[in-house]
Asks: 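Structure provided below as structure tokens; questions to follow.
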Amino acid sequence: MSQVHLDKTYDPKAVEDRWCQTWIDRRYAHASLDHPGSPYTIVIPPPNVTGSLHIGHALNNSLQDILIRWRRMQGRNTLWMPGMDHAGIATQNVVEKQLQAEGSSRAALGREAFVARVWEWRARSGGIIIEQLKRLGASCDWDRLRFTLDEGLSRAVREVFVRLHEDGLMYRGERLINWCPRCLTALSDIEVEHEDHNGKLYHIVYPVVGDDTTTLTVATTRPETMLGDTAVAVHPDDPRYRHLIGRRVRLPLTTRELPIVGDSLLVNREFGTGAVKITPAHDFSDFEAGERHRLPRLSILDIHGRLDVEGMRAAEVDQTVIQDIAQLPVLKARPKVELRLKEAGSLTKVEDHKMVLGKCYRCKTVVEPFLSPQWFVKIAPLAEPAIRAVEEGRIRIVPEGWVNNYLGWMREIKDWCVSRQIWWGHQIPAWYCRACHGSALQQRADGSWIIPPDASPIVARTAPAACPRCGGTELLRDPDVLDTWFSSALWPFSTLGWPDETAELRRFYPTSTLVTGLDILFFWVARMIMMGLRFTGDVPFRDVYIHALVRDAEGHKMSKSKGNVIDPLHVMHQYGTDALRFTLASMASPGRDIKLAEERIEGYRNFANKIWNAARFILMNLEGEREGLPPASRPFADRWMLSRLDHAIRQVTTSLEQYRFDQAASQLYHFIWHEYCDWYLELIKPALQAQAAEARATRHTLVESFDAILRVLHPFMPYLTEEIWQKMPHEGDSIMLQPFPTSRPEWDDKDAETQFEVLSKFVTTARLGRALLTIPPGQRVTLYGTSTDAEELATLMQLRPSAEVLSKATLHLQPLPDWPTERVLRLAEERLSVGVAVEGGLDLDKTLGRVAKQRQDVAKEASRLEAKLANASFTSKAPGDVVAEHEERLRSLRHEAAILASSEEQLSRMGRS
RNA sequence: GGGCGAUUAGCUCAGUGGGAGAGCGCUUCCCUCACACGGAAGAGGCCACUGGUUCGAUACCAGUAUCGCCCACCA
């Protein structure tokens with residue numbers, strides 16, 4: 001017995017703690033510029049500083065770690081760049097909530113104190129996810145941990161901003177943007193989530209001015225915005241209305257007169273009444289129509305989404321109406337307006353209507369189209385090269401099904417609103433001269449300044465000392481910060497030291513693979529491609545691997561509010577990190593979401609334990625010398641297993657090259673459990689007992705093969721493999737640093753594989769026989785075997801000892817006529833015949849039933865094949881080898897059927913006697 | 001409204017122009033000196049439906065149904 005002791009069951013906890021820390025302490029994952037290998041770089045999708053590890057992170061980072069560990073073992077110069085995102089709105093919301101609980105607010109603190117408070121929060125409780133990633137085994141280069149608000153990255157942000165501005169791609173202007181009335185900031189188009197909503201369609205009658213008999217009825221879902229109307233539109237070709245174009249209507253509840261315009265883009269004649277009110281300040285399509293017809297934009301909402309109408313003149317609008325709705329949020333104002341319209345007789349119809357509502361992706365508040373001055377990135381000149389990079393294959397998207405998604409979105413992309421009216425983030429590097437703008441700059445009660453849309457910004461990398469135009473020294477900095485995704489877009493190069501031409505940038509950029517979920521393809525991936533191409537002149541990464549979303553067992557999105565989250569930390573604690581990682585890898589098949597149920601993880605926990613016990617077995621049997629022989633001179637079982645191992649290594653490598661983590665996982669699972677453990681370890685047990693050369697050779701193969709298995713498995717199950725590898729005979733400090741096994745042509749042994757097929761068929765058939773006769777597993781039995789194929793029979797004779805061990809039998813290999821037929825149940829597997837000696841206590845009826853059913857199945861299949869072969873068009877048109885295969889199979893089936901029939905006959909004879 | 005994907009064993013999913021697969025679950029027998037988180041043997045499926053292409057379709061094509069996802073300012 002070996003001196004190494006292993007518990008009967010694998011206990012991940014202690015192992016994981018120990019290795020996680022050791023790996024980090026020894027800096028195995030540190031990327032060195034001196035490393036001779038060709039670079040392989042991954043940048044982590046930086047988790048939010050507010051985040052804690054959820055199952056999506058676990059999947060995303062497990063896959064990245066598999067890739068990076070695999071490439072590291074292959075000898076590549078690997079860098080996995082870790083980091084965190086400052087997550088502007090999300091983080092600000094977290095701290096604001098805390099302040100609220102303390103009875104304070106961000107306004108009460110003021111900007112500087114508030115930002116200081118967020119930094120304090122980050123130092124104290126931000127970034128716990130980093131520790132969780134380490135526990136997951138993520139072999140990032142932790143020395144290089146980056147944060148999007150680090151000075152280096154902030155410098156990159158300013159640099160990009162200034163250069164975009166210099167190139168005319170960054171501009172400020174008043175546009176209709178998506179406004180979150182709760183976060184009090186603008187949002188980009190993709191930060192708005194659309195949800196179906198059951199709304200109503202209101203039909204409102206507008207009297208035509210100067211004609212008491214004519215009215216125009218418009219249909220709208222938002223009557224409360226009517227005070228912001230500046231026109232009414234009809235279709236220019238609509239015979240009902242076209243004669244009215246150019247005339248005016250009176251806006252109900254007011255004395256205001258609105259022009260009637262013809263607009264074929266805005267108006268759908270089939271919809272509603274065919275007439276539309278135009279509210280340019282509160283609807284995107286109305287905004288565009290307003291541009292076309294040069295209509296005034298009348299904003300009637302404040303930043304909180306409340307009606308801001310008090311300024312409207314009494315002469316124009318009924319003051320009782322104003323008092324009724326002023327300061328009300330839109331949803332509360334709507335019924336009030338509805339009532340007023342009804343009283344005025346202007347509301348003719350209200351019908352149910354399905355519509356979509358835009359909601360803030362951070363807080364789910366309904367967003368308002370809102371007119372305000374914002375900064376925008378002119379996107380078309382950036383999108384064009386980004387489209388080409390994917391079209392020309394310089395960036396490969398895997399699975400490629402998402403390419404069209406990407407291209408479609410890119411081709412319709414609109415300018416990117418990048419300014420946010422929050423405090424946590426990269427403040428925009430733009431200043432305004434007080435002297436130049438004079439009274440146009442107004443100060444609010446809270447001290448903040450209102451910068452008019454047409455103000456002239458001074459954009460600079462650092463705060464300018466004086467206004468370049470007038471020399472004025474009183475400069476106000478733009479209060480807005482940039483969209484969080486702006487700094488994320490620079491991540492692949494900003495983390496490597498850009499804008500400086502660093503050695504890191506030269507060595508590790510472009511990065512190799514980006515691993516990400518579909519949910520941030522547009523938010524992040526597309527923008528990285530645009531920015532990378534523009535500012536480094538090269539793609540930011542070669543491959544984009546898009547993995548699925550993890551859903552719960554019912555297929556629903558996991559969310560805290562639904563209570564259906566699977567907490568990866570809990571799973572790691574209960575089943576082990578390796579089990580979780582392996583599960584996630586095994587389910588990462590392309591193009592499909594992952595429905596994760598906890599039972600699945602249990603299965604792979606068992607797999608980990610199986611490997612643990614295989615190691616136990618091996619370690620128990622290592623006493624004595626080991627002798628490495630050339631593969632061809634090794635015992636049969638060794639030759640067969642090495643051939644299969646070589647096959648598995650090739651398979652796993654190919655799968656990983658294709659990002660088929662699922663395939664790689666199942667190939668490993670199948671090889672290790674069902675070939676290595678079930679067959680190989682059973683086959684060699686007798687050899688290990690022997691004190692012969694065979695034992696020495698087998699012990700050597702055992703160590704050699706298991707070492708290779710651990711190494712192939714290591715990227716998937718790092719902890720278990722490290723722990724076992726350390727206990728096995730080994731050279732080196734860590735399995736992490738060992739070479740990934742490569743295919744060994746001398747291991748490939750087709751003869752051994754063919755021989756094994758014969759052996760396994762015999763053993764399986766023998767076991768079936770034992771089961772048919774209900775012979776207990778412990779009981780030895782006498783078997784007879786033969787084959788119609790001479791080669792098969794020779795193999796069986798050669799492997800007789802193995803066959804006897806695996807089927808727990810004494811085996812006689814003799815031709816069928818020589819079998820003692822009265823006491824032997826005959827079974828067949830194609831050419832092979834196996835006879836099981838019948839020794840009393842036989843449940844004849846049961847056995848007969850089973851045999852009869854099997855014979856019927858075989859006969860049915862044979863007749864199906866027969867019919868097919870009788871079909872002339874098949875035999876004449878099908879390829880010759882296909883036909884030959886069918887014929888061969890039919891012969892086998894007939895043989896089998898005959899033998900089963902004779903077994904059946906024999907059994908019934910026994911029943912009669 | 002547009003686009004994409006799915007539909008295969010009780011569940012979760014692979015897969016291929018020529019004999020239906022895996023894991024989990026289930027049944028039976030076994031605590032055999034690595035492992036009961038185990039071993040052995042099983043049961044279970046008109047591969048969603050309808051047409052077409054083909055000697056041959058679960059696979060390729062078209063349509064239908066159901067489900068899901070992404071995109072979208074028809075008021």
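Since the structure is predicted, the reported quantities are computational estimates derived from the model, not experimental observations. Chain identifiers are assigned alphabetically (A, B, ...) following the order of the sequence lines, protein sequences preceding nucleic acid strands; residue numbering begins at 1 within each chain.
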Asks: It should be established whether A/Lys685 places a side-chain nitrogen or oxygen under 4.0 Å from OP1 or OP2 of nucleotide B/U32.
Replies: no
Asks: Is it the case that the ring center of A/Phe874 lies less than 6.0 angstrom away from the ring center of A/His886?
Replies: yes
Asks: Could you tell me how far apart A/Arg616 (CZ) and B/A36 (C1') are, to the nearest whole angstrom?
Replies: 13 Å
Asks: Grab the CE-C1' distance between A/Met355 and B/A75 for me, whole Å please.
Replies: 9 Å
Asks: Looking at every strand, decide which applies to A/Thr9 at a 4.0 Å heavy-atom threshold: base, sugar-phosphate, or nothing.
Replies: base
Asks: Look at A/Trp402 and B/C71 and indicate whether a side-chain polar atom (N or O) is within less than 4.0 Å of OP1 or OP2.
Replies: no
Asks: Report which part of the nucleic acid A/Glu270 touches: base, sugar-phosphate, or nothing (heavy-atom distance under 4.0 Å, all strands).
Replies: nothing
Asks: What residues from residues 275-282 of chain A pass a heavy-atom cutoff of under 4.0 Å to RNA chain B?
Replies: A/Val276
Asks: Which string of ( ) [ ] | and . matches RNA chain B, if you list each base 5' to 3' and count Watson-Crick or G-U pairs only when both distances are under 3.5 Å?
Replies: (((((((..((((....[..)))).(((((.......))))).....(((((..]....))))))))))))....
Asks: Say you pick atom P in B/C69 and the same atom in B/U50; how far apart are they, in whole Å?
Replies: 28 Å
Asks: Look at the side-chain N and O atoms of A/His670 and state whether any lies under 4.0 Å from the OP1 or OP2 oxygen of B/A22.
Replies: no
Asks: Identify whether any heavy atom of A/Val356 sits under 4.0 Å from a base atom; if not, whether one sits that close to sugar-phosphate; answer base, sugar-phosphate or nothing.
Replies: base
Asks: In whole Å, measure the gap between the C1' atoms of B/U16 and B/G25 for me.
Replies: 26 Å
Asks: Which whole-number value in Å describes the distance from A/Trp679 CH2 to B/A40 C1'?
Replies: 10 Å
Asks: Using only side-chain N and O atoms of A/Lys8, determine if any of them is under 4.0 Å from OP1 or OP2 of B/C35.
Replies: yes
Asks: At less than 4.0 Å, is any side-chain N or O atom of A/Arg660 found next to OP1 or OP2 of B/G15? Yes or no.
Replies: yes
Asks: Mind checking A/Arg767 for me? I need base, sugar-phosphate or nothing, with any heavy atom below 4.0 Å counting as a touch.
Replies: sugar-phosphate
Asks: Can you tell me how far P of B/A34 sits from CD of A/Glu623, to the nearest Å?
Replies: 15 Å
Asks: Please determine whether a side-chain nitrogen or oxygen atom of A/His674 lies at a distance below 4.0 Å from atom OP1 or OP2 of B/A22.
Replies: no
Asks: Quickly work out the A/Glu288 CD to B/A72 P distance and round it to whole Å.
Replies: 14 Å
Asks: Heavy atoms only, 4.0 Å cut-off, all strands: where does A/Gly274 land among base, sugar-phosphate and nothing?
Replies: base
Asks: Ignoring backbone atoms, test whether A/Ser589 places a side-chain nitrogen or oxygen under 4.0 Å from the OP1 or OP2 oxygen of B/A14.
Replies: yes
Asks: Give me the distance, rounded to whole Å, that separates B/C13 from B/U7 when you measure between the C1' atoms they each carry.
Replies: 12 Å
Asks: Determine whether the aromatic ring centres of residues A/Phe271 and A/His353 are separated by less than 6.0 angstrom.
Replies: yes
Asks: Check this one for me: any side-chain N or O of A/Asn606 less than 4.0 Å away from OP1 or OP2 of B/G38?
Replies: yes
Asks: Taking the same atom, P, in B/G2 and in B/G17, what whole-Å distance lies between them?
Replies: 33 Å
Asks: Using a strict threshold of under 4.0 Å (side-chain N to carboxylate O), is an ion pair present between A/Arg297 and A/Glu291?
Replies: yes
Asks: Are any of the side-chain nitrogens in A/Lys200 or A/Asp352 under 4.0 Å away from the carboxylate oxygens of its partner?
Replies: yes
Asks: Check every strand shown and say whether A/Pro369 touches a base, only sugar-phosphate, or nothing at a heavy-atom separation below 4.0 Å.
Replies: nothing
Asks: Less than 4.0 angstrom from a charged side-chain N to a carboxylate O is my criterion; do A/Asp229 and A/Lys277 meet it?
Replies: yes
Asks: Rounded to whole angstrom, note down the C1' distance from B/A22 over to B/C60.
Replies: 25 Å
Asks: Who passes ring pair (Phe, Tyr, Trp, His ring centres under 6.0 Å) against A/Tyr206, sequence neighbours left out?
Replies: none
Asks: Report the relative orientation of the aromatic rings in A/Tyr604 and A/Phe582; use parallel for angles under 30°, tilted for 30 to 60°, perpendicular for over 60°.
Replies: tilted
Asks: Please walk me through it: do A/Asn609 and A/Thr9 pass side-chain hydrogen bond (donor to acceptor under 3.5 Å, both in side chains)?
Replies: CA-CA 6 Å; A/Asn609 194 55; A/Thr9 351; 5.1 Å; no
Asks: Report which part of the nucleic acid A/Leu266 touches: base, sugar-phosphate, or nothing (heavy-atom distance under 4.0 Å, all strands).
Replies: base
Asks: Is there a side-chain polar atom (N or O) of A/Tyr669 under 4.0 Å from OP1 or OP2 of B/C24?
Replies: yes
Asks: Calculate the interatomic distance between A/Asp881 atom CG and B/G18 atom P; express it in whole Å.
Replies: 11 Å
Asks: Do A/Gln667 and A/Ser655 get their side chains close enough for a donor-acceptor pair, meaning under 3.5 Å?
Replies: yes
Asks: Taking the minimum atom-to-atom distance to the side chain of A/Trp673, which one of B/C37, B/G38, B/C71 wins?
Replies: B/G38
Asks: Give the ring-plane orientation class for A/Phe523 versus A/Tyr361, where under 30° counts as parallel, over 60° as perpendicular and anything between as tilted.
Replies: parallel
Asks: Could you pick out which residue, A/Arg605 or A/Ile618, lies toward the 5' side of RNA chain B when each is mapped onto its nearest nucleotide?
Replies: A/Ile618
Asks: Taking atom P in both B/A65 and B/G56, what distance in whole Å separates the two?
Replies: 29 Å
Asks: If we take the P atom in both B/C46 and B/G10, what is their distance in whole Å?
Replies: 8 Å
Asks: Once the angle between the rings of A/Tyr669 and A/Phe607 is folded into 0 to 90°, is it parallel (under 30°), tilted (30 to 60°) or perpendicular (over 60°)?
Replies: tilted
Asks: With heavy atoms under 4.0 Å as the rule, sort A/Glu682 into base, sugar-phosphate or nothing.
Replies: base
Asks: Taking the same atom, C1', in B/C29 and in B/C67, what whole-Å distance lies between them?
Replies: 42 Å
Asks: Looking at A/Leu341 and A/Pro223, what are the two nearest heavy atoms and their distance?
Replies: CD1-CB, 4.3 Å
Asks: Say whether A/Asp263 and A/His293, considering side chains only, have a donor N or O and an acceptor N or O under 3.5 Å apart.
Replies: yes
Asks: Which whole-number value in Å describes the distance from A/Ile190 CD1 to B/C73 C1'?
Replies: 17 Å
Asks: With a cut-off of less than 4.0 Å, is there a side-chain N or O of A/His353 near OP1 or OP2 of B/A75?
Replies: yes
Asks: With a 4.0 Å cut-off on heavy atoms, is A/Asp286 in touch with a base, just the backbone sugar-phosphate, or nothing at all?
Replies: nothing
Asks: To the nearest angstrom, how far is A/Arg600 atom CZ from B/A14 atom P?
Replies: 11 Å
Asks: Please work out if A/Val218 contacts a base, only the sugar-phosphate, or nothing of the nucleic acid, heavy-atom cut-off 4.0 Å.
Replies: nothing
Asks: Is there a donor and acceptor pair closer than 3.5 Å between the side chain of A/Ser285 and the base of B/C73?
Replies: yes
